[in-house]
Amino acid sequence: MPDKELPKTYNPGDYEDEIYAKWEKSGFFNPDKLTGDPYAIMMPPPNVTGVLHLGHALESSLMDIMARYQRMQGKKVLLLPGTDHAAVATQAKVEKVLMEKGVEHPRQELGREKLLAEIRTYAENSKSTILKQIRKMGTSCDWSRLAYTFDEVRNRAVNEIFVKMYHDGLIYKGKRIVNWDAKLATTISDDEIVWQEEKAPYYYLKYGPFIISTARPETKFGDKYVVMHPDDKRYKKYKHGDKFECEWINGKVTATVIKDEAIDMKFGTGVMTITPWHDMVDFEIAERHKLSGEQIIDFNGKLMPIAGEFAGMDILAARPKIVARLQAKGLLVKVEENYLHRVAKGDRSNGLVEPQIKEQWFVDVNKIIPGKKKSLKDLMREAVTTGHQGDKKQKVKITPERFEKVYLHWIDNLRDWCISRQIWWGHRIPVWEKRSLGAKKQAARFNKKDFYSKINIGSDQDFIKKTIEWQNDDYADSSEIIGIGAELIRELKDRRLIDEYWIEKNRLDHPSREPERHVGVEPPKGIGWIQDEDTLDTWFSSGLWTFSTLGWPAYAEASAGKPAKKKNDLQTFHPTSWMQMGYEILFFWMARMILMSTYALDQIPFKDVYIHGILRNEQGKKFSKSSGDNIDPLEIIKKYGTDALRLSVIAGIAPGNDSKFYEEKVEGARNLVNKLWNVARYIITNYELRITNYELNYKELTSADQWILGKLEKLIKEVTGDLDKYQFSQAGEKLRDFTWNDLADWYLEVCKFEKSGDKPKILSCILENLLKLWHPFMPFVTEAIWSEMGKDRMLMVEQWPAHAFAEAKASAGKPAGNFAVIKDIVIAIRNARAENKIEPGQKVQAVIYAGKNKKLLAAQAELIKNLRTGISELEVKDGGKKLSDAIYAAVGEIEIYLVGAVDAAKEKARLEKEIINLEKIIKAIEGKLANQEFVDKAPEAVVKKEREKLAGRQAELKSLKHR
RNA sequence: GGACAAUUAGCUCAGUUGGUUAGAGCGCCACAUUGACAUUGUGGAGGCCAGAGGUUCGAGCCCUCUAUUGUCCACCA
C-alpha cells in the first residue's frame, strides 16, 4: 500500500542545505534553548585564512558526533565555533599575496597601519569562507556565540592575562637568545622550527694551540673563548682563565680558556670556541661564566662590521670566501666534505633560522606563582597527573593515555616561553614606556644629529613634516616630539629604512635610565607614552580559548559594546566537557590552554581530551598543496554528500593514530547512506507508520521478531558504550552491520512474507531507533528520513534510545537462538546449492531431520522455504535413514537433504572436504580436553563450552560419515 | 642518542581486562537480475597475526630481544 513516493536513491544535494537551515532556525544549536546538564565543546578555531581541508572535516565530524550524541542524551550542549587570527601564518600569506601583486617589500612600502588594514580585509573575507564550509559539514554549533581570537572581547582577555602575569612576576623582559627567522623578520618559538638535514663541508681550524671544528666558519669572527671539559686529560696543562694570543680570521685575537662540563670529550678534538650570540649552547656557557658575546650576523642575515671586509655579505655567500682566507693564512687544517648536519628552518617561511640575542618578553614557567606555591610548570604537570588542586580536584583525561607521557616529557624540557613576535598581525603587547627627562635629552640628541643624517632629513621642519605623514597628533610639546620621533623611528625601522642594529648601537652609545613602564589593560593617560611594538605569540590568545569565549573576564563583553549575557556562560560551561585535537598541536595548544586556565581560573580547561591522528593519502604521505594531491572536502561533499564524507573520515580511525583517506572509502560510505535510505523507503512505503500505541503482543512475536529486537537492544547498548568511550569507528561499524546485514538482508526479507499485526509497530520502532543511533554520524539523511516518516519534532533533539522496547530488554538475547538456527540452515542450503551449481531457478525438495528441533523447524518451514532457498517442498522429521541421491548439509545435529539434481562427484568432493575440516577441529578440541591441566585449571565454563562444542562436532561428523 | 607508535587476508583496518575454527569493508572469483536498493543480491576463495625466545592449561593479545616502517623530542660545537 505505497502511499508515498520517495526517490530510489538518496540525493544529498536535494536535502542538505534545507535541513541545515531548518536546524539553525530551530534554535537548538543554542544551549539556551536546551535543558539538562551542561556539556561544552570548544571548536579548535581554524585559521582565518585557511580553507576547509580534510583535517577540518575530521575534526568537525568528531565534534559534531559528540555534540549531537550528548544533545540527544538530554544535555545542554554548547558547541562553540570560532576562528583564529593565526598571526604569523596570516601575515606571511598576505605579504606573499602583495608581493605577487608587485609590492616588493610590503612592510617597508605600506607601513604598519596600511599593512594591517590589508591583512584585516583579507582575514575578514576568508573568515566567512571557512565558516560557511563548517556549516556545510553539518556542524551543529551555536553561531550566536561565534568567537574570534583577535576580536575586541578576546583582546580584552589577552590583556587581562598579560597584566595579571606581569604583576605576578611571571612575565619579564629580557635579553635572551631566541630563534630569529630572517625571512619573516620575527622571532619564533622553539616549536615553530623544523630541522632539515643537509650535507655541508666541515672544517677543522687551527685556533692557537688547539684544533677546533665547525660547519659554520662565518660565525667565528668574534670567538675569543676556547672551551674544554675540566676532566679532559689532554688539556690538563691549560687552566681555566688562561689567556693567549693567536692569529685568527681578521688578525690577532686574545683568547681565554674556559672549562665547562657541557663539552663532549669524545666529540672531535674535545675543544670548541663559542659564539654566544648565535648558538643556544654557547649562550648558556657564556651565561654560566659571565662571558661577553658579540653579534656577528645582523637581522637580515648579513655579516656585521666585525667581519671586516666580509661585512654586509650574505652568510652563505661569504662562507667560501672566509674559508679561502683561513686557508691562505694556514689556519685550515682539513675539510670533511659531505658532513651531515641539521639546519633550523622556520616552519612557516622555510627560511634559515638564526639564533640571535634580542630583548624579548618571556613567560617564566619555573617561578613560583604568588599565593600558589607552584610554578606554571607545576600547574601544567598536575593537571594531567594528580589533578589540579584548585577549586576542585580536577584532572584532564587524555585519550589515548600514551600522550600523557609525551606531554609530561615535553614539560620537563620546557624553557621559558618567548611570547613576543616582531610581526604586526596580532595582539599588541599591553606595555607602554616613557623615557625619563634625562633620557629624553639623550634621546633628543640621538634623534637629531645621527638620526637626521641617517634618514636624510635636513631640518626640524622636515622632521616634523615627515612625522605628520605618520602621526596626526599634536606635536607642540617637545617631549611629544620625542615620542613622535620614537614612533617615527619605529615606522622607519618597520619599513627597513634604518636597521635595528643601528638603533641598538645608538642606544648603547647613549645609555639612558630605565624607562618608566605602564603595563595595563588600558593605555596610559598622558603624553610621551610609547606602546611596545611587538605582538604576542598567537598561542597566547589561543591558550585562553576555553574561557575567553565564555565571557571571561566578566566585563569584557560589556566593554566591547555588546550587551552582557544574562546567563553566566563561564560558570555554566567551564571547565568544558570534551576537546578534540590533533597530536601535532598537543604542545602548542593543549599545554597552553592548561597553563592559562589553571593559572587564571584555577580550573582545568577541559575534562576530556581526545587526540586524533592525521589523515594521509593512499601512499601514507601527508596531503600537501605542493604534491597536488590535496582533496577538497567540498568537492567530496558535492559528489557523495556530507554524510558520506563524515562517515568515511571516521571509518577505521583509532585514537592518536593516523589513517589513510581515499575516495573508495567515501564511495563505500555513500553506498551505506543509500542503503539506509532504501531500508527506510521500503518500510515507509509498505507499512502504515502512524502509530500511536506501541504496545506489542509479546506472545505473538515470531522468532525473527524476537531475534531482530534482541539485536537492536544489543546495538543500542553497544553504540552507546562505544560513544561514551570515544570509539567512533567501532560504533559506526556496528551500526553498519545491523543496518545492512541484520535488518536489510534478513529481517526485511522475512517481513516480505511473514505478516503479523505487530509488524508495522516493530518496523517503525526499529527504524526510529536506528535513525536516532545513526543521527550523530549521518545527520542529514537521518533527519530527511525522519521527516519523510511524518514526524513533527526534529530528530536532532529526539531522546537517545535506552532500549528497543521496554519489554524487549527481557527478550534480548534469549529466544534469538531460534532464528539463528534457521539462519544457519538457510545459509547451509544456499551454500550446498551453489557448490553443486544448481541453477537458482530450479526448485528442489528438502527433507530435514531435526531431532529435538523438530517442533521449531516444522513451525518455521515456510520461513525456510521463502528465504531464497529454492525449496518447493519441505518435510521436517525427527530423524531417519540417510537419503541417497541427495545433497547433504548439516547444522549441528540437524541434517538436511536436498533431493534431486545431485552431481554425485561434486557432492562427494564437497563432503570429503567437510569431513577433513571437521576432523581437524575435533582433534584440536579432543587434544585440549585430554590435557588434564586444562581441565583442572581453566574456568569451568570454558571447559564446559569445549565439551559441548566437541559433542556437536562429533554428531555432525557422525552423520556426515554415515552417508 | 631518548621516547612513542605501527607490523593481522591483495588493499584499508577492527580485534576492549588472555578462552569457539582470528573478523569487517574494499578488491578478487562464480552466479543472479522487472523485486526497497546495480550505490543491488547469493555463495566462495584468501591469514605460520613481522621474526626469535619466554610466561601460561591456553597468546594476535602479557614479558624480553630483533627487524622493518613512521612520528616526536633532544642534540652533533
Side-chain angles (χ1 to χ4, degrees), chain A residues 2 6 8-10 195 212-216 219 227 262-264 267-275 279-282 285 339-342 400 402-403 405-406 409-410 412-413 583-584 586-587 613-614 616 618 620 640 644 651-654 656-662 664-665 667-686 721-722 725 727 729-730 733 736-737 740-741 744-745 748-749 752 827 830-835 837 839-841 868 917-918 920-921 924-925 928 931-939 941-943 945-946 948-949 952-953:
Chain A
L6 287 180
K8 281 175 93 165
T9 50
Y10 170 65
W195 293 90
I212 61 157
S213 50
T214 182
R216 307 199 50 197
T219 64
V227 194
I263 303 296
D264 180 359
F267 189 92
T269 56
V271 180
M272 70 176 198
T273 58
I274 56 168
T275 314
D279 186 286
M280 303 279 175
V281 178
D282 293 6
I285 294 173
Y339 174 75
L340 200 63
H341 72 144
R342 308 204 314 162
R402 62 185 147 93
F403 283 101
K405 216 170 152 183
V406 181
H409 181 251
W410 177 82
D412 289 339
N413 291 313
Y583 56 73
E584 74 276 8
L586 197 76
F587 306 136
I614 57 172
R616 297 172 172 275
E618 243 175 312
Y640 299 99
I653 62 163
N657 285 5
D658 294 348
S659 65
K660 293 183 187 177
F661 183 89
Y662 41 94
E664 285 83 349
K665 251 184 179 170
E667 221 175 283
R670 188 267 322 263
N671 294 354
L672 173 57
V673 170
N674 191 57
K675 189 74 186 181
L676 180 66
W677 174 260
N678 271 292
V679 164
R681 178 168 178 251
Y682 177 75
I683 297 175
I684 292 170
T685 52
N686 287 287
D722 283 342
K725 286 180 282 181
Q727 296 181 332
S729 185
Q730 280 92 322
E733 232 167 84
R736 178 190 206 280
D737 189 49
W740 207 312
N741 301 337
D745 289 352
L748 286 188
E749 291 304 315
K752 282 178 186 169
I827 291 170
R830 284 175 185 169
N831 178 359
R833 286 182 63 115
E835 295 265 306
K837 300 224 180 296
E839 290 295 318
R868 299 197 199 179
N917 186 31
L918 267 176
K920 213 172 78 188
I921 295 165
I925 306 173
K928 224 180 209 180
N931 183 344
Q932 196 56 42
E933 279 187 291
F934 170 71
V935 179
D936 291 346
K937 291 185 183 173
V942 175
V943 179
K945 219 169 171 185
E946 291 293 317
E948 280 166 8
K949 199 164 70 191
R953 296 309 189 184

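Below, each value reflects all heavy atoms present in this structure, side chains not excepted, and no hydrogens, waters or symmetry copies.
One finds no side-chain N or O of A/Lys949 lying less than 4.0 angstrom from the OP1 or OP2 phosphate oxygen of B/G19. Residue A/Arg830 places at least one side-chain N or O closer than 4.0 Å to OP1 or OP2 of B/G43. Proximity of A/Lys405 to the phosphate of B/C4: a side-chain N or O atom is located under 4.0 Å from OP1 or OP2. OP1 or OP2 of B/G44 has at least one side-chain nitrogen or oxygen of A/Asn831 nearer than 4.0 Å. Of the side-chain N and O atoms in A/Lys945, none sit less than 4.0 angstrom from OP1 or OP2 of B/U20. Within the structure, a side-chain polar atom (N or O) of A/Tyr339 is placed less than 4.0 Å from OP1 or OP2 of B/A77. Residue A/Gln727 has no polar side-chain atom (N or O) positioned under 4.0 Å from OP1 or OP2 of B/U16.
The side chain of A/Ala654 sits closest to B/A14 out of B/A14, B/A77, B/C57. In the set B/A14, B/G19, B/A77, the nucleotide with an atom closest to the side chain of A/Pro939 is B/G19. The listed nucleotides are B/A77, B/A14, B/G19; the one nearest the side chain of A/Asp264 is B/A77. Out of B/C73, B/A36, B/A14, the shortest distance to the side chain of A/Asn413 is found at B/C73. Among the nucleotides B/G19, B/C72, B/A36, the one closest to the side chain of A/Phe587 is B/C72. Comparing B/C37, B/U12, B/G19 against the side chain of A/Lys665 picks out B/U12 as the nearest. Checking B/G70, B/A77, B/G19 against every side-chain atom of A/Ile263, the shortest atom distance belongs to B/A77. Listed nucleotides B/U12, B/C37, B/G41 differ in distance to A/Trp740; the shortest reach to its side chain belongs to B/G41.
Nucleotide B/U40 forms a pair with B/A32, judged by Watson-Crick or G-U wobble geometry with both contacts under 3.5 Å.
One can place CG of A/Leu748 at 12 Å from P of B/G41, the figure rounded to the nearest angstrom. Put simply, CZ on A/Arg736 is 8 Å from C1' on B/A24, counting in whole angstrom units.
Within the 4.5 Å cutoff, side-chain heavy atoms of A/Ile285 are placed close to those of A/Met272. The closest side-chain heavy-atom distance from A/Asp279 to A/Thr219 is not below 4.5 Å. Side-chain contact check for A/His409 versus A/Asn413: some heavy-atom pair is nearer than 4.5 Å. Contact annotation: the side chain of A/Asp658 approaches that of A/Tyr583 to within less than 4.5 Å [non-hydrogen atoms, C-beta and beyond].
For B/U20, the base has no donor-acceptor partner in the side chain of A/Glu946 [N/O atoms by modelled type, under 3.5 angstrom]. Interface remark: the A/Lys675 side chain does form a donor-acceptor pair with the B/C37 base, using a distance-only criterion of under 3.5 Å.
If you take atom C1' in B/G10 and the same atom in B/A45, they sit 12 Å apart, rounded to whole Å. Distance noted for atom C1' between B/G47 and B/C11: 14 Å (whole Å). Taking the C1' atom of each, B/A36 and B/G18 are spaced 44 Å apart, rounded to whole Å. Across the P atoms, B/C4 and B/C63 are found 12 Å apart, a figure rounded to whole Å. Distance noted for atom C1' between B/G46 and B/A30: 15 Å (whole Å). B/G60 and B/U17: their C1' atoms are spaced 16 Å apart (whole Å). Across the P atoms, B/G27 and B/U55 are found 46 Å apart, a figure rounded to whole Å. Taking atom C1' on both B/U8 and B/G23, the two are 10 Å apart, rounded to the nearest angstrom.
Taking the side-chain hydrogen bond (donor to acceptor under 3.5 Å, both in side chains) definition, one finds that A/Thr273 meets it with A/Lys220, A/Asp223, sequence neighbours left out.
Among the atoms of the strands shown, none is found under 4.0 Å from any heavy atom of A/Lys920.
Remark: the backbone N or O of A/Ile274 is not paired with any side-chain donor or acceptor of A/Asp282 at under 3.5 angstrom.
Remark: A/Lys665 fails to qualify as a cation-pi partner of A/Tyr640 under the 6.0 Å distance and 45° angle criteria applied to the six-membered ring.
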